Structure formats: structure tokens, C-alpha cells
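What you see is a predicted model, and the numbers here were worked out from it, not measured in a lab. Atoms within a ligand are numbered from 1 in the order they appear, just like the ligands themselves.
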Amino acid sequence: MDKIVIEGGQPLRGEMRVLGAKNAALPIQCAALLADGPTTLRHVPQLSDVRTMNALLAGLGCEVTGERTLTIHPGGVSDGPLEAPYDLVKTMRASVTVMGPLLARYGRARVSLPGGCAIGARPIDQHLRGLEALGATVTLSHGYVDLAAKRLTGAAFVFDLVTVGGTQNVMMAATLARGTTVLENVAREPEVVELALVLNKMGAKIRGAGTPVIEIEGVDRLSGIDHAILPDRIEAGTFMVGAAITGGDVTLRHAPVDDLHAVIAKMEEAGVLFDVTPEGLRVRGPDELRPIDVTTRPHPGFPTDMQAQIMVLATAARGQSLVTETIFENRFMHVPELCRMGADIVVHGNSAAIRGPTRYSGAEVMATDLRASASLILAGLIAKGRTEVRRVYHLDRGYETIETRLRSIGASIERYHGARG
Ligand code: EPZ
């Protein structure tokens, strides 16, 4: 397993490009299953999760070619197994988002239940209830869910809670249903809006994405398209924190500013300086950061995927901060590791009380999940001495060659391949 080693103390300075969004690419890869021809995606991030999704699509019978520019031809799926197997789903839970497309286009799907993950139980009950509302029969056996429907029928459905994947799965299924579907209490994340835009480019008739109600008028077929993946707001936010805590000055090209209002507002409250320039979003760290209170919420609230990262910023601020996680039940796995590096964080239920500023000292730390590992890298950037982050395969799920890109803006950071984990 690889490890990443950082010598802290270098301010981040320079320009870097924000790459394509993992959480936009994954559902759009699934949407390609709905088309009766090939789909080409551009600016695809080179991440292990994207490769896992491509392996799943190939296993379903798709012809998958290319990487940064990716073409998915679902020609062979009708003769395929129509199954998302356990070993792929347990590797990446986003695999369950093939359910809706397979069911809508081929009338059947067999998908392994994802099981829990480091940050929580993450059930898919809302996905299944939504697909049942469209007329699917759903049976659970031996850790798999089997879905079937001759042809889905449009319906009205209200989600019990806001779920990004659930919204995406049911929205995709509804595109080929007979009649109109009205989904309420849906997720409003930019990646949901982007998926609806892609589906409409394919010939779907979707209105309201980005609002609490989405209406889908079913059509008979969808075509393959050519689409560029939008920039990753969470990657951008992660690098914004890096610039802020190192007293740096970084310009992020292609940063999706309109999808980052909650993050920018919270960081401005902490004293971080932002300028939108022709080159991109310029981020400057202040001499001293102010403490902040952050609560994660569904979009347009503060994103849970930035919680671990903003916590590092709060530890660097002078005073008391409070970070509250309302989306996942176990998303403070980074706290013990940050404390080993010197942070003063006390967890009470779903809130973390923080006292700063922290004089971080470098240490050997263990990554546990994607965004937790990003927070350890950030802490390493400002720690005194050497920090070793192990099990960085977690990081590689969502950040493309992060060490190379941080080095390009001044970080002293190296990756060591095959280190003992
Ligand atoms: C997406 O996961 C993202 N992943 C996550 O990003 C992100 O944290 C999450 O949305 C919330 O924004 C992708 O887009 C691939 P949810 P998803 O369904 O769709 C509960 C990252 O770091 N729930 O919105 O799985 C669930 O347990 C990843 O990039 C149910 O109870 O998230 C959670 O507590 C991590 N029943 C909450 O809803 C359901 O049927 C939100 O989950 C579905 C969800």
C-alpha cells in the first residue's frame, strides 16, 4: 500500500486546474446504460472509483474505451447478466446507481446490497421505495436485490429524506417510464442538476432539477451524447482550505464558484480572502484565521464532503469552533488522527468542539475514508516536521495525483509506493 510523506511549513502558491467531478462522473457513467448508442465523456477524472465503475459497466456488457475521454457503448448489455456483483459494489457503493438505468432500459436488474462503509450504514431503502413506486417488483435474497418491471409507469413519490443517489437512481428510471413522474423532497446537489442536464441532452424531459421537486415526462428512447464533466467542487474546496491554512495564495482554474457559495461564505467568515479573476478563483490565507461554527446540510447548505477539511481550518483558527455533522452517522474518523498530530478536538455526539490554534507536529497517521485522508494531508501541510499518511488508496478514490498537484504549488510532498500499511 502506498504512503504519502509531507514536510510541513510550505505556503501553497501558484495556479492549478480543478479536474472533473467524481460525483458527477459516476452517475453519468451509469446514465450511459439508458442510451441506444455510445456516450462520450470528456474531462473524466482518473480515479479508482471511475475505473471501478468502468469495470462494472464492462461486466454488464458495455464496450468501455478511453480514460480522460471515455466512451461507453451499451450495445452488449441486453445479452449480459444485468448484475452488479458484490465484489464491485462493496468496493464502491455508487455501483447501486446502475439499478435505475438497467431496470428502465432492460426491465431487470440484480444488484448486491452495498452494506455499510466507514462513514455509516448508508442503506438504499429510498432508492428501492422510489423504484417500487414506478412499478418495479423488488425482492431481497442472499445479499442481493432483484428488480423487475415490464415497463415502468410514471408516479408521484416523496422521498422520506434527501438522498443524492436515491434522487439520481429514481430520476434515471423515470426517464423511460410510461407517463409522468413527480419526485418531491429530492436532492439539489450540483451533481443532480448535471445529471438531469445530461439526461435531457440524451432526449429525456426533466424539469426542476436543483429545486425540491423534479418532474420527469417519460420518453421511449434516449440517445448517446458527448459531454464534458463539470469541475469538482469538493476537490476545489479541499485546495481552498490548503491555501487558507498555509497562508498561501492559490488561483484555482475552472473552480465551480457557483457551487461553492456555502463553503466560500464559511471560509470568508474565518478571514480567508477570495477574488474571482479571469484566471479563476484566487484564494489567499490571512495572517490569522478566525474560529467558525459549521453544520453540514444537503445542498445548498455546507457539504458533508467538506466537513473533514473545514475541521482542519477550524483547528488552525485562534478560538473555539464547533463542527456538526448531520448527514452521516460516523464521519468523524479523522478526529483521532488529527488529535495524534496535536489537535484539540472533543466529540460530543454528532458535534466536534475545537480549540485552536493547533501547533501540529508531524506523525504517522492512517487514512480511513476518502475525505478523512484529505484532512490528514491538509494537517500535514502545516505540521512541524514530517507526516506520513498511510493507506492512501482511500485518497486515490477521489483525488487525482494529489501529491503531484500540491507539489506544483509549493508543497514538500512525496508518494512512496508499496510501503507497509
Ligand atoms: C453521495 O453519496 C456522494 N457520493 C457522497 O460523497 C456524499 O457524501 C453524499 O452524496 C451526500 O452528499 C456520490 O455522489 C458518489 P445520500 P450518497 O444518499 O448518494 C441516508 C464522497 O466523499 N440514506 O445523499 O450515497 C444515508 O445513509 C462521497 O465523495 C438512507 O437512509 O449519499 C446518508 O445518511 C461520500 N436511505 C444520507 O441519507 C437511502 O436510501 C445521505 O446519503 C439513501 C440514503
Side-chain angles (χ1 to χ4, degrees), residues 19-31 45 47-50 52-53 56 89 91-100 111 113-133 138 140 145 157-172 183 185-195 229-230 232-238 259 262-263 295-310 325-334 350 367-375 394-400:
L19 299 179
K22 165 177 84 82
N23 291 350
L26 294 173
I28 292 171
Q29 287 171 271
C30 297
L47 302 168
S48 53
D49 273 8
V50 169
T52 301
M53 184 63 82
L56 172 57
V89 176
T91 309
M92 182 192 61
R93 58 178 296 100
S95 310
V96 299
T97 321
V98 299
M99 276 192 296
V111 174
L113 286 167
C117 76
I119 62 178
R122 300 181 74 182
I124 59 168
D125 57 298
Q126 299 297 309
H127 300 235
L128 301 179
R129 284 190 57 241
L131 295 173
E132 277 179 320
V138 175
L140 305 183
V145 57
F157 178 70
V158 185
F159 286 93
D160 293 337
L161 51 85
V162 173
T163 157
V164 172
T167 300
Q168 292 170 331
N169 234 338
V170 181
M171 179 170 72
M172 284 194 280
L183 302 178
N185 196 23
V186 295
R188 299 165 56 189
E189 270 67 8
E191 295 77 24
V192 172
V193 176
E194 176 80 354
L195 177 63
I229 300 293
L230 91 167
D232 192 322
R233 62 192 170 104
I234 305 301
E235 173 181 271
T238 305
D259 298 336
V263 177
T295 300
T296 63
R297 295 286 183 206
H299 194 79
F302 191 93
T304 175
D305 291 350
M306 276 297 300
Q307 181 256 103
Q309 300 92 309
I310 204 74
E325 171 61 55
T326 69
I327 307 296
F328 290 105
E329 65 268 28
N330 186 35
R331 205 170 195 175
F332 283 148
M333 310 273 277
H334 42 289
N350 69 339
T368 53
D369 60 270
L370 169 55
R371 306 304 175 183
S373 42
S375 73
H394 291 291
L395 203 63
D396 296 333
R397 299 189 56 171
Y399 296 93
E400 188 177 327

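- Taking only nitrogen or oxygen atoms, main chain and side chain alike, I327 reaches within less than 3.5 Å of ligand 1.
- Side-chain contact, Q307 with H334: a donor N or O sits under 3.5 Å from an acceptor N or O.
- Shortest contact from atom 31 (O) of ligand 1 to any protein heavy atom: P123 CG, 3.4 Å.
- Look at E191 and you'll find every heavy atom at least 4.0 Å from all atoms of ligand 1.
- If you check which protein heavy atom lies closest to atom 32 (O) of ligand 1, you get F328 CZ, 4.1 Å.
- Shortest contact from atom 18 (O) of ligand 1 to any protein heavy atom: T163 OG1, 2.7 Å.
- At a 3.5 angstrom cut-off on N or O pairs, V164 counts as close to ligand 1.
- Distances between N or O atoms of T304 and those of ligand 1 include no value under 3.5 Å.
- By the 3.5 Å distance cut-off applied to N or O atoms, N23 is counted among the residues near ligand 1.
- Between L26 and ligand 1, not a single N/O pair is under 3.5 Å apart.
- In this structure, Q168 does not count as a contact residue of ligand 1, since none of its heavy atoms falls inside 4.0 Å of the ligand.
- The shortest contact between atom 22 (O) of ligand 1 and any protein heavy atom is with R371 NE, 2.9 Å.
- For the ligand labelled ligand 1, residue M92 lies outside the 4.0 Å heavy-atom shell.
- In terms of protein heavy-atom proximity, atom 20 (C) of ligand 1 is nearest to L161 CD1, 4.0 Å.
- Residue-to-ligand polar distances place R122 within reach of ligand 1: an N/O pair is separated by less than 3.5 Å.
- With hydrogens left out, the protein atom closest to atom 5 (C) of ligand 1 is D305 OD2, 3.7 Å, a heavy atom.
- Not a single heavy atom of G398 lies less than 4.0 angstrom from ligand 1.
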